[in-house]
Visitor: 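Just dropping this structure here.
We use all heavy atoms of the structure for the numbers below, so side chains are in, but hydrogens, waters and symmetry mates are not. The structure displayed is predicted, hence computed values, not measured ones.
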Amino acid sequence: MRKLLIVLCLVLVPLQARASGYSVYEWSARGNALGGAMVARDADPSAVAYNPANITDLPGAQVQVGATAIKPTATMNFKDPSIADRDFSDAIWGLPTAYYTQQLNDHYWFGFGMFSRVGLGTDYAGGDGWAGRYNCSYAGIQSMSFNPNLAMKFSDQFSLAIGVEATYLRFMYDNTIAPVNVKQEIDADGWAYGLNAGARYRPYDWLAFGLAWRSQIDMTVDGHSEFTKKGVFPAPARADISGTEPVPESVTFGVMVKPIDRLSLEADVVWTHWSAYQALTMNYDPKLLGVYSSVSSTKNWNNTWRFQFGAEYALTDSVDLRAGYVYDQSPINDDYEDFAVPCSDRQIVTLGLGWKVDQNWVLDLFYGYLWMVDRHYDARSADHIDELDREDAHAHMAGMSLTYKF
């Protein structure tokens with residue numbers, strides 16, 4: 001069964017890109033169109049990810065599947081005119097999701113979700129030849145969370161949910177080892193477990209408060225590192241490798257209001273405990289180059305705030321119009337910035353459409369545009385960082401979700 005789940009993860013989870021740090025919030029087309037502002041509003045099955053307490057809105061059984069495509073781009077502009085600038089590779093990353101909800105009786109609901117809390121896809125065009133390859137030429141995180149929840153409706157005003165999260169994570173990292181000029185390709189994976197909880201209080205039909213919590217998950221990954229000769233120094237033999245990387249704790253609070261029956265507005269704030277990511281340490285067996293039993297890279301990331309706003313207007317009984325806005329802080333410590341996670345504060349604007357095809361089927365579509373402030377890198381020879389500006393970092397996003405109500 002474990003091998004089957006790993007194969008399922010690798011099939012369903014292409015690389016993900018352009019998260020703040022390496023967090024992922026793209027959990028449904030409706031949620032994306034609303035800027036992720038879903039912790040307090042009326043639910044669809046993707047509430048399992050946003051706030052499982054809200055699934056008490058959903059009668060009977062419902063299932064939803066969906067996917068988001070992300071196409072990022074940026075330019076690494078070196079200050080030294082003798083070093084060629086480099087763009088990100090021309091790639092499209094994907095984020096699949098799936099949810100199931102079941103009303104058990106008047107007071108209890110079951111919900112199950114498959115989605116990604118973290119992900120990363122940093123791929124430099126011609127990575128083996130770019131000047132930053134001694135720091136990073138490729139970094140990837142694939143993940144999938146399997147999240148069963150039990151939601152309890154205590155009254156028409158208050159619901160509560162608790163859940164367990166099983167997360168699979170695959171970590172990949174390529175760089176060239178200086179000064180021996182040997183390419184290293186790390187590939188490691190592992191499973192870990194966490195908890196989550198959610199609550200919603202709706203004192204009036206036009207006003208609701210939502211709160212969602214997800215625990216930190218410390219992912220221990222095991223795998224191997226392959227080496228390829230790029231110069232005169234011979235490549236070492238394949239090594240076993242292990243390391244630990246956090247899926248950070250997060251807390252989301254939101255308020256939803258309906259100024260008129262057809263319009264709902266929600267504002268959320270998300271706190272993420274990125275300060276848990278102090279360093280990335282990889283352990284080697286046998287020793288790397290016969291010398292290093294472990295290699296550590298300091299991170300010292302900072303906790304972050306994400307602010308998200310969403311508006312949904314029922315144009316007709318079957319068509320909903322949506323828009324959203326996000327401001328997402330970067331956790332990167334400027335003293336330890338690297339080429340693996342070249343992010344900075346980002347903003348996102350989104351638009352979307354929901355279509356109730358009939359009593360059973362609902363189709364949701366969205367488009368989003370993301371942009372980041374430019375980031376300046378000071379030269380740090382010890383970390384193989386040349387002075388440069390990362391410029392014009394942006395991404396186009398689009399996706400759909402399809403819901404069936406039994």
Visitor: Salt bridge or not between Arg41 and Asp268? Use side-chain N to carboxylate O under 4.0 Å.
Guide: no
Visitor: Side chains of Asn300 and Thr298: any donor to acceptor distance under 3.5 Å?
Guide: no
Visitor: Show your working on salt bridge (Lys or Arg N to Asp or Glu O under 4.0 Å) between Lys230 and Asp128 and close with a plain yes or no.
Guide: CA-CA 9 Å; Lys230 292 293 182 180; Asp128 287 352; 3.5 Å; yes
Visitor: Check step by step if salt bridge (Lys or Arg N to Asp or Glu O under 4.0 Å) holds for Asp358 and Lys405.
Guide: CA-CA 10 Å; Asp358 56 30; Lys405 304 176 182 180; over 6 Å; no
Visitor: Between Trp213 and Glu249, do the side chains contain an N or O donor and an N or O acceptor separated by less than 3.5 Å?
Guide: yes
Visitor: Just do the ring pair (Phe, Tyr, Trp, His ring centres under 6.0 Å) check on Tyr108 and Phe110 with the steps written out, would you?
Guide: CA-CA 7 Å; Tyr108 293 94; Phe110 171 77; over 10 Å; no
Visitor: Ignoring hydrogens and geometry, is there a side-chain-to-backbone donor-acceptor pair from Asp383 to Ile385 under 3.5 Å?
Guide: no
Visitor: Whether the Thr75 and Glu391 side chains hold a donor-acceptor pair (N or O, under 3.5 Å, no angle test) is what I'd like checked.
Guide: no
Visitor: For Ser159 and Arg200, what are the C-alpha separation, side-chain angles and deciding distance, and is it a side-chain hydrogen bond (donor to acceptor under 3.5 Å, both in side chains)?
Guide: CA-CA 5 Å; Ser159 296; Arg200 185 178 64 181; 5.2 Å; no
Visitor: Leu120 versus Thr122: any side-chain heavy-atom pair under 4.5 Å?
Guide: yes
Visitor: Any side-chain heavy atom of Val255 within less than 4.5 Å of one from Leu207?
Guide: yes
Visitor: Kindly determine whether Phe88 and Tyr124 satisfy ring pair (Phe, Tyr, Trp, His ring centres under 6.0 Å), including the steps that lead there.
Guide: CA-CA 4 Å; Phe88 288 179; Tyr124 294 97; 5.3 Å; yes
Visitor: Side-chain donor-acceptor pair under 3.5 Å between Asn147 and Arg117, yes or no?
Guide: no
Visitor: Check whether Asn51 reaches the backbone of Val39 with its side chain - one donor and one acceptor, N or O, closer than 3.5 Å.
Guide: yes
Visitor: With a cut-off of 6.0 Å (strictly less than), are more than 12 heavy atoms of other residues, nucleotides or ligands near CG of Asp335?
Guide: yes
Visitor: Between Thr101 and Gln62, does any side-chain donor sit less than 3.5 Å from a side-chain acceptor?
Guide: no
Visitor: Working note: Tyr168 + Asp189, criterion side chain to side chain contact (heavy atoms under 4.5 Å, CB included); need CA distance, chi angles, decisive distance, verdict.
Guide: CA-CA 7 Å; Tyr168 169 81; Asp189 65 358; 2.9 Å; yes
Visitor: If you define the side chain from C-beta out and look only at heavy atoms, does anything of Phe112 sit under 4.5 Å from Val63?
Guide: no
Visitor: Give the intermediate values and the outcome of salt bridge (Lys or Arg N to Asp or Glu O under 4.0 Å) for residues Lys258 and Asp205.
Guide: CA-CA 8 Å; Lys258 293 183 177 180; Asp205 290 341; over 6 Å; no
Visitor: Would you tell me whether Tyr325 and Gln308 have side-chain atoms, one donor and one acceptor, within less than 3.5 Å of each other?
Guide: no
Visitor: Please say which of Arg390, Arg375, Arg380, Lys299 ends up in a salt bridge (Lys or Arg N to Asp or Glu O under 4.0 Å) with Asp338.
Guide: Lys299
Visitor: Among Lys356, Arg30, Arg322, find the one that has a salt bridge (Lys or Arg N to Asp or Glu O under 4.0 Å) with Asp364.
Guide: Arg322
Visitor: Answer yes if the side chains of Tyr377 and Asp334 hold a donor-acceptor pair under 3.5 Å, and no otherwise.
Guide: no
Visitor: Assess, by modelled atom type and distance only, whether the side chains of Thr68 and Glu26 contain a donor and an acceptor separated by less than 3.5 Å.
Guide: no
Visitor: Go through Arg202 and Asp42 one step at a time and tell me if the salt bridge (Lys or Arg N to Asp or Glu O under 4.0 Å) criterion holds.
Guide: CA-CA 10 Å; Arg202 184 163 53 188; Asp42 298 343; 3.0 Å; yes
Visitor: Can you confirm whether the side chains of Glu245 and Tyr277 place a donor and an acceptor under 3.5 Å from each other?
Guide: yes
Visitor: Indicate yes or no for a side-chain donor-acceptor contact from Gln184 to the backbone of Glu226 under 3.5 Å, with no hydrogens or angles considered.
Guide: no
Visitor: Just checking Tyr204: does its OH atom have more than 12 heavy atoms from other residues, nucleotides or ligands closer to it than 6.0 angstrom?
Guide: no
Visitor: Decide whether Thr167 and Ser145 meet the rule of one side-chain donor and one side-chain acceptor closer than 3.5 Å.
Guide: yes
Visitor: Does Arg133 pair with Asp174 as a salt bridge, N-O distance under 4.0 Å?
Guide: no
Visitor: Count the heavy atoms belonging to other residues, nucleotides or ligands that lie under 6.0 Å from OH of Tyr292, then report whether that count exceeds 12.
Guide: no
Visitor: Parallel, tilted or perpendicular for Phe209 and Phe253, by the 30°/60° rule?
Guide: parallel
Visitor: So, Asp57 side chain and Ala43 main chain: donor-acceptor pair closer than 3.5 Å or not?
Guide: yes
Visitor: Donor-acceptor pair, Thr252 side chain versus Val270 backbone, under 3.5 Å?
Guide: no
Visitor: Within the 3.5 Å criterion, strictly below it, is a donor on Asn149 or Asn196 matched to an acceptor on the partner's side chain?
Guide: yes
Visitor: Do the non-hydrogen side-chain atoms of Leu353 and Phe366 ever get within less than 4.5 Å of each other?
Guide: no
Visitor: Classify the ring geometry between Phe158 and Tyr201 as parallel (under 30°), tilted (30 to 60°) or perpendicular (over 60°).
Guide: tilted
Visitor: Could you tell me if the side chain of Ser215 sits less than 4.5 Å from the side chain of Ser250, heavy atoms only?
Guide: no
Visitor: Quick one, Ile241 and Asp222 - any side-chain contact, counting heavy atoms below 4.5 Å?
Guide: no
Visitor: Taking the side chain as every heavy atom from C-beta outward, state whether Ser294 and Met282 have any pair of such atoms under 4.5 Å apart.
Guide: no
Visitor: Please name the residue in the list Ile70, Ile141, Leu95 that meets the side-chain contact (heavy atoms from CB on, under 4.5 Å) test with Val24.
Guide: Leu95
Visitor: Would Asp345 and Tyr327 count as a side-chain hydrogen bond (donor to acceptor under 3.5 Å, both in side chains) if you check the C-alpha gap in whole Å, the side-chain angles of each, and the deciding distance to 0.1 Å?
Guide: CA-CA 8 Å; Asp345 290 357; Tyr327 181 85; 2.8 Å; yes
Visitor: Sub-3.5 Å donor-acceptor pair from the side chain of Ser275 to the main-chain atoms of Asn303, do we have one?
Guide: no
Visitor: Any chance the side chains of Thr350 and Asn32 put a donor and an acceptor closer than 3.5 Å?
Guide: no
Visitor: Counting only heavy atoms from other residues, nucleotides and ligands, does the tally under 6.0 Å from OH of Tyr369 exceed 12?
Guide: yes
Visitor: Hey, are His376 and Asp374 close enough side-chain-wise for a donor-acceptor pair under 3.5 Å?
Guide: no
Visitor: If we count only N and O atoms by modelled type, under 3.5 Å, do the side chains of Tyr313 and Asp320 hold a donor and an acceptor together?
Guide: no
Visitor: Side chain of Asn135, backbone of Phe339: donor and acceptor closer than 3.5 Å?
Guide: yes
Visitor: Mark yes when over 12 heavy atoms from residues, nucleotides or ligands other than Trp371 sit less than 6.0 Å from its CH2; otherwise mark no.
Guide: yes
Visitor: I'd like to check Leu169 versus Gln142 (side-chain heavy atoms, cut-off strictly below 4.5 Å). Are they in contact?
Guide: no
Visitor: Between Ser137 (side chain only) and Tyr134 (backbone N and O only), is there a donor and an acceptor less than 3.5 Å apart?
Guide: no
Visitor: In terms of relative ring orientation, are Trp301 and Trp274 parallel, tilted or perpendicular, with 30° and 60° separating the classes?
Guide: perpendicular
Visitor: Distance-only, no hydrogens or angles: does the Ser143 side chain make a donor-acceptor pair with backbone N or O of Val118 under 3.5 Å?
Guide: yes
Visitor: Please check this pair: side chain of Arg214 against backbone of Leu195, looking for a donor-acceptor N/O pair closer than 3.5 Å.
Guide: no
Visitor: Fit a plane to each ring of Tyr25 and Trp27, take the angle between them on a 0 to 90° scale, and name the class: parallel (under 30°), tilted (30 to 60°) or perpendicular (over 60°).
Guide: tilted
